[in-house]
There are 2 protein chains.
Amino acid sequence: MSRLNYHHLYYFWQVAKGGNLTETAQRLHISQSALSSQIKQLEQSMQVQLFNRQGRKLVLTDSGYQTLKYAEDIFSRGAELEQLLQQGMQPQRSPIRIGALATMSRNFIESFIAPLLATADSRYSLLSMNQTALLNALAGHQLDLALSNIAVQGNDSQLWQCRLLARQPVAVIGPPGTAQTDNLAEYQQRRWVLPPVQSPIRTAFDALAAQYQLQPDVVAEADDMAMLRLLARDSGALTVMPEVVVKDELQSGRLVKYLTLPQVYENFYIITTQRDLLHPQLTQLLQAFSPAGG
Amino acid sequence: MSRLNYHHLYYFWQVAKGGNLTETAQRLHISQSALSSQIKQLEQSMQVQLFNRQGRKLVLTDSGYQTLKYAEDIFSRGAELEQLLQQGMQPQRSPIRIGALATMSRNFIESFIAPLLATADSRYSLLSMNQTALLNALAGHQLDLALSNIAVQGNDSQLWQCRLLARQPVAVIGPPGTAQTDNLAEYQQRRWVLPPVQSPIRTAFDALAAQYQLQPDVVAEADDMAMLRLLARDSGALTVMPEVVVKDELQSGRLVKYLTLPQVYENFYIITTQRDLLHPQLTQLLQAFSPAGG
DNA sequence: AATAATCGTTCACATAAAGAGAACTATGAG
DNA sequence: CTCATAGTTCTCTTTATGTGAACGATTATT
């Protein structure tokens, strides 16, 4: 039992799609006999029956159907590659394409790509999208890498590789000039701007709030970190978010950290396809970020 | 410029992964010279430089990197197929695997697979999951087909095929014995159970409610149709949902339709991978459902 | 700086695989 | 029954793949 012969598989694919040997042979400009024997060889080497010879018709077996699906996958990828190669493939160095969840902190993303900015000759393109679009784009090679704060659960046949890039402690942040304390309960009179109920941060916050018997007066919710940042800056309300989101405002004193929530973290993940080969320049990016570090 | 040679591509893949010709040649049990010439042939036939010969090292070019990614994709799929074929591939007819969005109406799903139930010898397995998992499973061949009420937007390079299978008018449904009218405003005093704010149905309902100056008293929200159905049945509140969800209850008179919302539809989509080959038995299922019909 | 070891390329030649074409078999339409 | 059609099987030719030795060029060693 030898290795899978892609040449044979190609012919099988062509025939299975058409369902007809003679026609396919004409289309491919080879003789039927060649096609016939190649497919037979595939069946023999793989020890599987791909077609049922019903009368003078070729009918896909169940195994044949399964195989066809894989072949479809394989050769349409191949066709994409061919097209890419034949249209010349832009000669200048193609940019590194990084996708990021649209709701993530821009500051965090910026800190991630900082090493790329330092390198003079590297080009990259950054795209914001939702989690589903992120995974689609990865699968379709529109992205080299995705950044997200939502993990992808590992399937049986791992399609995605998802690793923890960094975790940020989550803090209560608000305008300066008010008494700061590390006791949540003291913020009963304050107004709050929070991430939405489904989010992990909110869930953690709500649990803590319940524990401290705090009933927060929620004036606004937003899942977008950029939006949260604006609200934190301009609403006068307290917010709950990773510090990195309002890094600049904390530095300038426009906002201050009230307290860091214990045991609550925002996780940042880097997602690639399982068959993971990183763009050479990306390897150094990852090394800059020690796992679970900042 | 001939067609892409998968044999050449395979060797390129192996070498590019290892970065080393000699080692790879030994691993594959062929001579370096063979490897060298095959790769050179690939470069010539595709008219692209895959490696830069720097000193006595082979360094991937940018085009080479792109190509490698496709090759990785192609041959890991191939490896999966090989494994599947070599482990014998379960001889009994493999079941048709249908994935459905966990929040969809079970009645609708049942009506979709009804033709399969009628066929004695067909086996199928039904799996509930979220939209992301659905797409993952499709991409990884764990599913033949997915049912969802969320469309997948078409990317540039179409990965998914998403077609409208059916659309159901959405109705206000509630317990019998109260005056029915087709004027939304008359339901001001009622309690409501509604889909969550992000959902298309809710958005449409809210717009209508605003138009009729109805401020609904929302006692519960749920995105799961099975859950909504239970709430509709047991809460005494009014609900907004496609009729099919509570088909049985409407028939038995336990619930009644108050009014059908104009221009509001719940859409049901069937999602497959773009390189779309349907399981023979699925073709008939689709024909049973005329597009935009019931 | 000289030397040895390593790695990729090139050549002539051997071997294996793909393909052509005729003869053959079986099926289905008229 | 007969003929056209579709797939299989055979022999033979052509093409592609692979080998091993010689070569050139680069890196490491002393």
Side-chain angles (χ1 to χ4, degrees), chain A residues 1-61 63-64 67-68 71 74-75 78 82, chain B residues 1-61 63-65 67-68 71 75 78 82:
Chain A
M1 201 183 301
S2 57
R3 211 175 51 222
L4 176 62
N5 184 324
Y6 286 83
H7 197 203
H8 293 166
L9 188 66
Y10 181 84
Y11 283 159
F12 162 75
W13 174 56
Q14 291 286 346
V15 172
K17 277 201 306 181
N20 179 301
L21 223 163
T22 312
E23 221 170 73
T24 308
Q26 284 169 345
R27 185 157 41 82
L28 298 180
H29 305 294
I30 59 166
S31 62
Q32 311 129 289
S33 63
L35 260 187
S36 179
S37 69
Q38 300 273 316
I39 286 171
K40 167 155 286 198
Q41 280 178 59
L42 178 60
E43 288 185 313
Q44 280 174 349
S45 76
M46 291 289 115
Q47 307 211 43
V48 69
Q49 182 135 352
L50 297 171
F51 288 111
N52 274 325
R53 277 71 174 174
Q54 285 178 10
R56 57 180 177 184
K57 282 206 156 53
L58 293 176
V59 188
L60 268 183
T61 63
S63 301
T67 305
L68 177 53
I74 288 169
F75 294 113
E82 243 174 301
Chain B
M1 202 182 300
S2 58
R3 212 176 50 223
L4 177 61
N5 184 324
Y6 287 83
H7 197 205
H8 293 167
L9 188 67
Y10 181 85
Y11 283 158
F12 162 75
W13 175 55
Q14 292 286 346
V15 172
K17 277 201 307 181
N20 181 299
L21 223 164
T22 313
E23 221 171 71
T24 308
Q26 284 170 346
R27 186 157 41 81
L28 297 180
H29 305 294
I30 60 166
S31 62
Q32 312 129 288
S33 63
L35 260 188
S36 180
S37 70
Q38 300 272 327
I39 286 172
K40 167 155 287 200
Q41 280 179 59
L42 178 60
E43 289 185 316
Q44 280 173 350
S45 77
M46 290 290 114
Q47 308 211 42
V48 68
Q49 183 136 351
L50 298 170
F51 288 112
N52 274 326
R53 277 72 174 174
Q54 286 177 8
R56 56 179 181 188
K57 281 205 157 54
L58 293 176
V59 189
L60 268 184
T61 62
S63 301
Y65 169 70
T67 305
L68 177 52
F75 294 114
E82 245 174 299

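These numbers come from the heavy atoms of this one structure, side chains and all, not from hydrogens, waters or symmetry mates. Here is the naming used below: chain letters follow the sequence lines, and residue numbers restart at 1 for every chain.
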On the nucleotide [N], are OP1 or OP2 found under 4.0 Å from the side-chain N or O atoms that [X] carries?
X      : N       : value
Q32(A) : dA20(C) : no
Q38(B) : dG18(D) : yes
R53(B) : dT9(C)  : yes
S33(A) : dG21(C) : no
H8(A)  : dA18(C) : yes
Q54(B) : dT26(D) : no
N5(B)  : dT17(D) : yes

[atom1] of [X] versus [atom2] of [N]: gap in Å, rounded?
X      : N       : atom1 : atom2 : result
R56(A) : dT8(D)  : CZ    : P     : 13 Å
R3(A)  : dA16(C) : CZ    : P     : 17 Å
N20(A) : dT5(D)  : CG    : P     : 12 Å
K40(B) : dG18(D) : NZ    : P     : 17 Å
L9(A)  : dA18(C) : CG    : C1'   : 16 Å
Q41(B) : dT15(D) : CD    : C1'   : 11 Å
I39(A) : dT8(D)  : CD1   : C1'   : 12 Å
N52(B) : dG8(C)  : CG    : C1'   : 14 Å

Backbone of L4(A) reached by a side-chain donor or acceptor of E82(B) within 3.5 Å
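Side chain of E82(B) to backbone of L4(A): a pair is present.
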Options dA18(C), dT9(C), dT9(D), nucleotide nearest the side-chain atoms of S36(A):
dT9(D)
A34(A), nearest nucleotide to its side chain (from dA20(C), dT9(D), dT9(C)):
dA20(C)
Under 3.5 Å, is there an N or O donor on one side and an acceptor on the other linking the side chain of S31(A) and the base of dG21(C)?
no
To the nearest 0.5 Å, atom CG of L35(B) lies from atom OH of Y11(B) at 6.5 Å
Assess the residue pair H7(B) and Q38(B) against the criterion (side chain to side chain contact (heavy atoms under 4.5 Å, CB included)); give the C-alpha distance rounded to whole Å, side-chain angles, the decisive distance to 0.1 Å, and a yes or no.
CA-CA 8 Å; H7(B) 197 205; Q38(B) 300 272 327; 4.3 Å; yes
Over all atoms of both residues, closest heavy-atom pair of T61(A) and Q49(A)
OG1-O, 2.7 Å
Minimum-distance pair of heavy atoms, taken over all atoms of R27(B) and Q14(B)
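Looks like NH1-OE1, 2.8 Å.
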Just checking [X]: base, sugar-phosphate only, or nothing, at a heavy-atom cut-off of under 4.0 Å?
X      : answer
T22(B) : sugar-phosphate
Y11(B) : sugar-phosphate
K57(A) : nothing

Would F51(B) and F12(B) count as a close aromatic pair, with their ring centres under 6.0 Å?
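Centroid separation for F51(B) and F12(B): below 6.0 Å.
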Can you work out whether L21(B) or H7(A) has the more 5'-proximal nearest nucleotide on DNA chain C?
L21(B)
